[in-house]
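Everything below concerns the one structure shown next.
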Amino acid sequence: QVQLVESGGGSVQAGGSLRLSCIVSGEASSRYSMGWFRQAPGKDREGVAGISSTGHHTYYDDSVKGRFTTSRDNAQNTVYLQMDSLKPEDTAVYYCAANPKIRGWEDLLPASYIYWGQGTQVTVSS
């Protein structure tokens, strides 16, 4: 069974940076496109970044474009989300998720992602 475990969340001031990691176990991470999602209190879960199974293609929501960067190391079965120039509105629980399809992953629709991590809290203060 595939398991995803996120780490790297925490509390930072606005303008700061954090790097989230997501370790994939149970199967090779190279079998999956990966997405990063977040959910703030009282809001729906939203996709913020995605990366193809090979890492050759990435996609970002407009809200994080130019500030967040996703990458992966399939040899280490790990996916990363580098978050720079953080804003208070980035505060949320962040999740990584796995999508077995090679197309459509960039839509970042939660229903397309079949495995999810437990989430890690990111809090940005002004």
Side-chain angles (χ1 to χ4, degrees):
Q1 185 174 353
V2 176
Q3 291 188 321
L4 310 179
V5 178
E6 302 100 336
S7 62
S11 297
V12 295
Q13 291 190 327
S17 298
L18 285 172
R19 189 193 197 201
L20 305 184
S21 298
C22 173
I23 297 177
V24 181
S25 63
E27 290 185 26
S29 64
S30 58
R31 296 187 62 183
Y32 299 93
S33 301
M34 299 295 293
W36 288 95
F37 297 79
R38 66 186 181 188
Q39 188 166 19
K43 294 188 177 181
D44 292 336
R45 189 169 297 188
E46 63 174 354
V48 297
I51 187 166
S52 63
S53 59
T54 62
H56 292 164
H57 303 284
T58 56
Y59 177 83
Y60 300 94
D61 184 77
D62 286 345
S63 63
V64 305
K65 197 172 294 182
R67 301 188 298 121
F68 290 12
T69 304
T70 188
S71 60
R72 66 192 299 162
D73 181 347
N74 283 338
Q76 299 293 325
N77 287 318
T78 304
V79 185
Y80 303 97
L81 184 67
Q82 177 68 41
M83 303 186 296
D84 298 319
S85 301
L86 282 162
K87 304 175 180 180
E89 51 264 44
D90 294 319
T91 295
V93 177
Y94 282 73
Y95 301 87
C96 65
N99 185 333
K101 298 181 180 180
I102 61 173
R103 291 184 177 86
W105 57 268
E106 64 275 15
D107 292 337
L108 291 176
L109 297 175
S112 298
Y113 288 74
I114 61 173
Y115 299 112
W116 291 80
Q118 81 289 350
T120 185
Q121 177 70 46
V122 171
T123 303
V124 185
S125 57
S126 57

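This structure is a prediction, so every number in the text was calculated from the model and none was measured. We count residues from 1, following the sequence as given.
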> Do you know the tightest heavy-atom contact between L108 and A49?
Replying inline: CD2-O, 3.4 Å

> Closest heavy-atom contact between K43 and Q39?
Replying inline: O-NE2, 3.1 Å

> Have D73 and T78 got a donor and an acceptor in their side chains that come within less than 3.5 Å?
Replying inline: no

>> S125: which residues meet the side-chain hydrogen bond (donor to acceptor under 3.5 Å, both in side chains) condition with it, sequence neighbours left out?
In response: none

>> Once disulfide bond (SG atoms under 2.5 Å apart) is applied, what residue pairs with a partner in residues 58-87 remain, sequence neighbours excluded?
In response: none

> Among all residues two or more places apart in sequence or in another chain, which pass the side-chain hydrogen bond (donor to acceptor under 3.5 Å, both in side chains) test with T58?
Replying inline: none

> Y95: what forms a side-chain hydrogen bond (donor to acceptor under 3.5 Å, both in side chains) with it, not counting sequence neighbours?
Replying inline: none

> If you look only at pairs with a residue in residues 103-124, which of them pass as a salt bridge (charged side-chain N to carboxylate O under 4.0 Å, His left out), with sequence neighbours excluded?
Replying inline: none

> At what distance, to the nearest 0.5 angstrom, does CG of N99 lie from OH of Y115?
Replying inline: 11.5 Å

> Is the backbone of K101 close enough, under 3.5 Å, to the side chain of S33 for a donor and an acceptor to pair up by distance?
Replying inline: yes

> Which pairs pass disulfide bond (SG atoms under 2.5 Å apart) with one or both residues in residues 36-83, sequence neighbours excluded?
Replying inline: none

>> Contact between L4 and M34 at the side-chain level, heavy atoms closer than 4.5 Å - yes or no?
In response: yes

>> Keeping Q118 on the side-chain end and E6 on the backbone end, is there a donor-acceptor pair under 3.5 Å?
In response: yes

> Going from CE on M83 to CG on L81, what distance comes out if it is rounded to the nearest 0.5 angstrom?
Replying inline: 5.5 Å

> Excluding sequence neighbours, so at least two apart, what forms salt bridge (charged side-chain N to carboxylate O under 4.0 Å, His left out) with E46?
Replying inline: R38

> Which value, rounded to the nearest 0.5 Å, describes the distance between R72 atom CZ and S52 atom OG?
Replying inline: 7.0 Å

> Which of parallel (below 30°), tilted (30 to 60°) and perpendicular (above 60°) describes W116 and F37?
Replying inline: tilted

> What residues form a ring pair (Phe, Tyr, Trp, His ring centres under 6.0 Å) with Y94, not counting sequence neighbours?
Replying inline: none

> Do you know which two heavy atoms are closest between G9 and V122, and how far apart they sit?
Replying inline: CA-CG2, 4.2 Å

> For residues 7-22, which residue pairs qualify under side chain to side chain donor-acceptor pair (under 3.5 Å), counting only residues two or more places apart or in two chains?
Replying inline: S17-D84

> Could you give the distance from OG1 (T120) to CG (L20), rounded to the nearest 0.5 Å?
Replying inline: 6.0 Å

>> Could you report the tightest heavy-atom contact between A92 and A40, atom names first, then the distance?
In response: CB-N, 3.8 Å

> If you group Ile, Leu, Val, Met, Phe, Trp and Tyr by side-chain heavy-atom gaps below 4.5 Å, do V48 and V79 land in one group?
Replying inline: yes

>> Let me confirm one number: the SG-CD1 distance from C96 to I51, rounded to the nearest 0.5 Å.
In response: 12.5 Å

Show every donor-acceptor pair shorter than 3.5 Å between a side-chain atom in residues 64-71 and any protein atom, with sequence neighbours excluded, or say none if there are none.
unit_1	atom_1	unit_2	atom_2	d
K65	NZ	D62	OD1	3.0
R67	NH1	S85	O	3.0
R67	NH1	D90	OD2	2.7
R67	NH2	S63	O	2.8
R67	NH2	D90	OD1	3.0
R67	NH2	D90	OD2	3.4
T70	OG1	W36	NE1	3.4
T70	OG1	Y80	O	2.9

> Got W105 and S112 here, is their nearest side-chain heavy-atom distance under 4.5 Å?
Replying inline: no

>> Enumerate the disulfide bond (SG atoms under 2.5 Å apart) contacts for residues 38-81, please, sequence neighbours excluded, ordered by first and then second residue.
In response: none

>> Does V93 form a side chain to side chain contact (heavy atoms under 4.5 Å, CB included) with R45? I'd like the steps, not just the answer.
In response: CA-CA 9 Å; V93 177; R45 189 169 297 188; over 6 Å; no

> Who are the side-chain hydrogen bond (donor to acceptor under 3.5 Å, both in side chains) partners of E27, not counting sequence neighbours?
Replying inline: R31, Y32

